[in-house]
Amino acid sequence: MVLHSSTRASVVLAILLCFCTVSLGAHGRSRSRLYIVYLGDVRHGHPDDVIASHHDLLAAVLGSKEDSLASMTHSYKHGFSGFAAMLTEDQAEQLAEFPEVISVKPSRTCTATTTRSWDFLGLNYQMPSELLRKSNQGEDIIIGVIDTGIWPESRSFSDEGYGPVPSRWKGKCEVGQGWNSSNCNRKIIGARFYSAGIDEGTLKAEYLSARDAHGHGTHTASTAAGSVVEGASFHGLAAGAARGGAPRARVAVYKSLWQGSGGSSATILAAIDDAIHDGVDVLSLSLGGLEDDSFGALHAVQKGITVVYAGGNSGPRPQTVENTAPWVITVAASKIDRSFPTVITLGNKKQIAGQSLYYQEKNSSSSTFRSLEFGDLCTADALNGTDLKGKIVLCFPSDPESSLPLVPEYAFQVALRNVRDAGASGLIFAQYTTDLLGATARCQGIACVRVDLDTGYQILRYIRDTSSAVAKIEPARTFTSKELLAPKVAAFSSRGPSIYYADVIKPDIAAPGASILAAVGDSYEPMSGTSMATPHVAGIIALLKALHPQWSPAALKSAIVTTASVTDEHGMPLLAEGLPRKVADPFDYGGGNINPNRAADPGLIFDIDPSDYKKFFGCAISRTSASCNETLVPGYHLNLPSISIPDLRSPITVSRTVTNVGEVDAVYHAAIQSPPGVWMDVEPSVLVFNSTNKVHTFQVKLSPMWKLQGDYTFGSLTWYKGEKSVRIPIAARMTLHDFYADVA
Ligand SMILES: *[C@@H]1O[C@H](CO)[C@@H](O)[C@H](O)[C@H]1NC(C)=O
Ligand SMILES: *[C@@H]1O[C@H](CO)[C@@H](O)[C@H](O)[C@H]1NC(C)=O
Ligand SMILES: *[C@@H]1O[C@H](CO)[C@@H](O)[C@H](O)[C@H]1NC(C)=O
Ligand SMILES: *[C@@H]1O[C@H](CO)[C@@H](O)[C@H](O)[C@H]1NC(C)=O
Ligand SMILES: *[C@@H]1O[C@H](CO)[C@@H](O)[C@H](O)[C@H]1NC(C)=O
């Protein structure tokens with residue numbers, strides 16, 4: 001269990017979503033640290049020539065070839081040109097002066113932040129949907145997974161029945177500790193690892209190979225592309241067939257994160273550079289911290305690779321979404337129609353249910369009644385002096401003075417540690433959300449269960465009304481039902497708007513990410529996080545790519561965004577867990593919850609020429625080069641399947657272009673849902689497609705109704721043709737002044 005805190009004082013979940021931070025602390029101008037030097041497109045032909053040119057450039061600053069060799073940890077030479085090197089601040093500044101250098105930035109350290117979920121999304125393996133069947137389950141598609149490595153012996157990566165490795169594959173199988181050439185097969189077709197620049201202590205305790213010491217990478221890879229494994233479960237919970245979204249897609253493993261200390265921008269960029277060279281179709285990155293080195297993902301997208309990133313686990317606070325570059329898909333996490341009720345029986349015979357993944361060790365005695373004690377906030381202070389040996393402790397970490405309750409996982413870990421140190425046998429943890437069950441699977445001998453505040457209060461009243469309160473906690477059961485309101489955006493899922501790209505709606509899409517069962521080592525374990533939602537999207541993109549090989553990354557993203565669900569099957573609007581729970585909006589889930597079968601046939605797509613990204617967002621790639629143009633056009637004019645206008649003070653007209661990819665002769669009608677406070681008009685409001693007119697441009701005019709320093713409101717624009725609908729989310733904020741805060 002690792003808890004890392006980032007510069008933004010976020011706390012990482014136990015499920016190891018990666019947060020990247022520039023290491024803090026005193027670093028004088030003379031002290032060296034790792035920098036990323038970015039040089040743009042690869043200009044010289046052969047990779048060896050590119051490396052030589054990097055050393056020439058670095059030697060010009062360091063003085064000698066030997067110093068350059070000693071200082072450089074990575075040379076990026078396939079997908080883009082650049083390198084990572086140990087430099088002092090002075091040396092970094094000198095390098096930045098060279099005309100060919102686009103940017104020099106410190107490398108940031110990155111620590112790494114199923115069964116039912118696929119049926120719930122309508123991709124049932126027993127009754128294969130059109131999409132699964134027509135895409136041949138993604139067999140020709142290669143998914144690159146940049147993570148903590150993989151456990152090749154897992155049944156999820158069996159290559160039984162697979163055809164030969166696609167001939168276009170140019171990757172390799174790097175041998176190393178615990179990894180020989182036979183660990184690659186027709187399923188795991190590539191394996192690389194990036195250890196340069198990682199501290200020796202970390203590497204000593206790890207496999208110096210693509211083998212996964214942690215479990216996170218095996219989990220995400222098997223969620224994206226695991227073969228079908230019948231009868232998987234976690235101690236009987238969440239039982240069913242485990243499989244990836246594209247069960248026959250090929251996996252290329254890039255181990256860039258290391259158990260203990262994680263990785264860095266330098267190792268992740270090295271993986272992206274190689275993945276572009278190797279020929280992956282989709283990249284899945286369940287880690288944080290893209291914003292500074294988003295150029296790597298941009299080069300991948302320019303080469304036709306769809307890049308899918310986790311949006312982060314810092315919800316439900318607003319403005320926490322990460323990895324928000326407009327060219328990637330940023331994923332939020334939702335909960336599915338499955339829960340794990342855990343029955344708590346009180347001494348007065350009353351039974352109430354919490355949620356957990358608590359199971360009983362085979363050799364342990366069955367649940368019995370134990371003394372029940374109120375532990376209050378369950379801080380070390382609060383528990384000091386109370387005898388808790390063998391007891392069940394009720395924790396209410398709702399100290400209004402403390403920000404802890406806002407960070408559910410952290411508060412839970414603190415309570416668990418204190419209660420366990422005191423020798424307790426059980427923990428009932430009361431909080432506004434019961435979303436994060438991952439940690440309850442690893443309570444190390446303690447029966448632990450999460451309850452909401454209302455349930456917690458009922459238990460507290462019982463304790464106060466009774467002289468010797470007792471309770472019994474039974475192991476969790478799995479409950480799946482159409483009667484559960486689902487999906488919902490999970491409380492921990494990071495929320496928009498993006499602080500880096502305010503004129504783009506982020507996240508883009510939500511996918512299942514709560515208590516997802518997938519491979520870890522030789523068995524199966526549930527984990528939660530946007531880390532788990534990300535490979536769901538990567539797997540679906542692989543299926544869509546198999547079906548539509550010519551579609552660009554932007555077209556594939558458009559297909560999933562415009563067909564996403566914003567209501568459940570009863571027509572109820574999807575909710576977002578949080579403080580308070582509310583109807584979900586685009587800053588919770590972008591277009592909505594992913595709907596793969598509809599995405600297979602989206603009708604219309606919003607496509608983007610990759611060279612447009614620099615036109616609109618050049619300054620995000622580099623502030624110093626020619627690509628940063630002060631007259632850059634606002635990002636909301638980019639042809640994205642969404643519109644976000646953060647400063648609406650007078651009427652603004654944006655245009656969008658759609659391409660018909662459905663029936664050739666088609667007539668679409670616009671349906672407008674204006675954001676409250678905004679007039680919205682679409683021109684033309686009817687689009688007629690035929691064999692000569694496959695592409696149409698339309699204008700959306702948004703006008704503020706009042707002069708108001710306002711806040712974001714949300715609407716949508718939907719193009720209808722019979723049952724088919726193509727919907728884009730719209731966000732607008734009315735403003736009067738340049739400052740946004742609603743203070744005078
Ligand atoms: C690879 O390792 C496995 C066991 O780890 C062994 O059975 C196999 O013979 C090895 N293959 C090669 C080619 O060394
Ligand atoms: C049950 O067995 C496991 C290992 O097999 C051991 O770690 C654990 O302490 C045992 N628990 C009890 C209650 O004996
Ligand atoms: C518990 O309280 C006692 C008395 O106030 C104090 O001496 C002791 O250090 C405390 N222990 C912990 C673990 O805080
Ligand atoms: C900057 O943007 C303006 C307007 O879009 C364009 O005319 C000009 O060529 C751009 N300059 C550069 C250096 O890209
Ligand atoms: C397609 O529609 C346009 C505009 O209505 C029309 O001018 C054109 O002739 C049509 N093409 C065909 C092949 O029907």
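Whatever order the structure lists ligands and atoms in, that order sets their numbers, starting from 1. The analysis underlying the following values was restricted to heavy atoms, covering all of them including side chains, and did not include hydrogens, waters or symmetry mates. Bear in mind the structure is a predicted one, so any value in this text is a computation, not a measurement. Numbering of residues begins at 1 and proceeds along the displayed sequence.
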key: Output field: ring centroids F689/H696 closer than 6.0 Å   = yes

request  = Give the single entry among V688, V664, N690 that approaches atom 12 (C) of ligand 5 most closely by any heavy atom.
outcome  = N690

query = Is it the case that more than 12 heavy atoms not belonging to K172 sit under 6.0 Å from its NZ atom?
reply = no

remark   = In terms of its nearest heavy atom to atom 3 (C) of ligand 1, the top option of V175, N180, N183 is N180

ask   = Could any protein non-hydrogen atom be found less than 4.0 Å from atom 14 (O) of ligand 5?
value = yes

inquiry  = I need the minimum non-hydrogen distance between P152 and F157, along with the two atoms involved.
reply    = O-CB, 4.1 Å

request  = Specify whether Y194 and H74 have parallel, tilted or perpendicular ring planes, treating 30° as the upper limit for parallel and 60° as the lower limit for perpendicular.
outcome  = tilted

request  = Look up atom 9 (O) of ligand 5 and tell me if a protein heavy atom lies less than 4.0 Å from it?
outcome  = no

note = For T692, the atoms of ligand 5 under 4.0 Å from one of its heavy atoms are 1 (C), 8 (C), 10 (C), 11 (N), 12 (C)

ask   = For R656, which residues count as a salt bridge (charged side-chain N to carboxylate O under 4.0 Å, His left out) partner, sequence neighbours excluded?
value = none

task = Heavy-atom contacts with S691 under 4.0 Å: which atoms of ligand 5 show up? List them by number with element.
result = 13 (C)

ask   = Which atoms of ligand 1 have any heavy atom of S182 under 4.0 Å away?
value = 1 (C), 10 (C), 11 (N)

key: Beyond-backbone contact of S642 with P729, side-chain heavy atoms, under 4.5 angstrom   = yes

inquiry  = Looking at atom 5 (O) of ligand 1, tell me if a protein heavy atom falls under 4.0 Å from it.
reply    = no

query = So, does N693 sit close enough to ligand 5 that a heavy atom of it is under 4.0 Å from the ligand?
reply = yes

task = State plainly whether the residues D159 and R186 are in salt-bridge range, i.e. N to O under 4.0 Å.
result = yes

